[in-house]
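Scroll down for the structure; my scribbles are underneath it.
Along the sequence shown, residues are numbered consecutively beginning with 1. Quick note: numbers below take in every heavy atom, side chains included, and nothing from hydrogens, waters or symmetry partners. Fair warning: this is a prediction, and the values are worked out from it, not measured in the lab.
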Amino acid sequence: MTRLSELGESHIISRVLGRNPSSTHVIVGPGDDAAVTAPEGRLVSTADMLVEHEDFTREWLDWKKLGVKAAAQNLADVCAMGAIPHGLLVSVAVPDDTDIACLEALYSGLFDEAERAGTALDCTVPIIGGDLSSSGLIVIAITALGTVGEESAILRSGARPGDSLYLAGTVGRSAAGLDLLFAGARPDTAGPELRSLIDTQLAPQPDYGALRTVGASAMIDVSDGLSLDLARVATASGVGIDLDCSLLSDLVDPLLPAAEFVLETRATGGSGDGVGKTEVAAMAEDLALSWVLDGGEDHGFAASAPPSAVPGVGWRRIGEIRTGHDVSLDGTPVPASGFSHFGK
């Protein structure tokens, strides 16, 4: 084990950036006071953080998967604007007794996800700069940059009544994975069905490739929960959104085994109320549906599109845009529920 405290900052940076790809749009990359790049079009910028105890815990920490997650949550925001990723600014703070191999694994995950996005969108996504610091907690702060043509950005405010609502990727799987982790399931002991859900929580995989075929009027990265993020689209666009429960079944049904596992664990390890298997099965569908409606961090893309611009491969229809101002499920209003750092 080689602790970071035994190495100089310059040596650490050279180690972790060994895989950084070269790119024609990067004129000056890591190593100078600031990066110099040549974006083609308008610059799209976003920033997001992962903070220990708030966003993850060391109990189930996997450094490489943490890197994947950190990259994915930022790249998904850029791509949801209809932009092509341009580069990442990566700032990391970790305890000084951290093994250099852990930091290398973190950056390996960052590079893997950036490469996956680049392959899907035919671009190169380098790390163009950042910072490294010592901290009692692990903190990863990333700024992702992208480029988009003039008047080509896809906003939350473009949905119109009569549009259909589509989803690329998934929702609910990451929330299910998180509840599985809290219920004691672990990737190295869980069966394939449950492990895949845990993997979605630890290392989400946005469907970047689907964005090549979208003709969206509005779009959003579903990071905080479908009901909450769609409520944001409804507010920005001045419309109502109705989800079709029958069109969500393909998202709900694969989560039922996880819901049963979580409910059975709660029943046997909680207050001892003795909830039976029949009751658990009846409750599982409600829990799975709540994951789909309210669970975040899959980083699926929800988009509206008019009938003349139906999205292609990778998209599924899940509802309709209507007049109004709220989100509903088969006509019944759905509370805008999801993740918020400050509870509201």
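- Taken from OG1 in Thr37 to CD1 in Ile27, the straight-line distance is 7.0 Å, to the nearest 0.5 Å.
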- [ ] Please assess Asp253 against Leu256 for the test side chain to side chain contact (heavy atoms under 4.5 Å, CB included), listing each intermediate value before the final yes or no.
- [x] CA-CA 6 Å; Asp253 291 349; Leu256 293 177; 4.1 Å; yes
Open item on the list: Checking Ser196 against Arg173 for the side-chain hydrogen bond (donor to acceptor under 3.5 Å, both in side chains) test, could you report, in this order, the C-alpha distance in whole Å, the side-chain angles of both residues, the deciding distance, and whether it holds?
Closed with: CA-CA 8 Å; Ser196 68; Arg173 294 178 61 83; 3.0 Å; yes
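- If you chain together hydrophobic residues whose side chains sit under 4.5 Å apart, Tyr107 and Leu145 never meet in one group.
- Within 6.0 Å of the CD atom in Glu40, the count of heavy atoms belonging to other residues, nucleotides or ligands does not exceed 12.
- Between Lys69 and Asp55, no side-chain nitrogen of the basic residue sits less than 4.0 Å from a carboxylate oxygen of the acidic one, so the salt-bridge criterion is not met.
- Within a 6.0 Å sphere centred on CD of Glu320, heavy atoms belonging to other residues, nucleotides or ligands number more than 12.
- Atom CG of Asp199 and atom OG of Ser174 lie 11.0 Å apart (nearest 0.5 Å).
- Note that CG of Leu230 and CD1 of Ile321 are 7.5 Å apart. Values are rounded to the nearest 0.5 Å.
- Taken from CD1 in Ile241 to OG1 in Thr235, the straight-line distance is 9.0 Å, to the nearest 0.5 Å.
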TODO: Before giving the answer on side chain to side chain contact (heavy atoms under 4.5 Å, CB included), spell out for Leu88 and Leu75 the whole-Å C-alpha distance, their side-chain angles and the decisive distance to 0.1 Å.
DONE: CA-CA 9 Å; Leu88 301 174; Leu75 291 168; 4.0 Å; yes
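- Listed by chain and number, the residues in a side chain to side chain donor-acceptor pair (under 3.5 Å) with Arg156 amount to none (sequence neighbours excluded).
- Partners of Asn74 by side chain to side chain donor-acceptor pair (under 3.5 Å), not counting sequence neighbours: none found.
- A salt bridge between Arg19 and Glu104 is absent, with no side-chain N of the basic residue lying under 4.0 Å from a carboxylate O of the acidic one.
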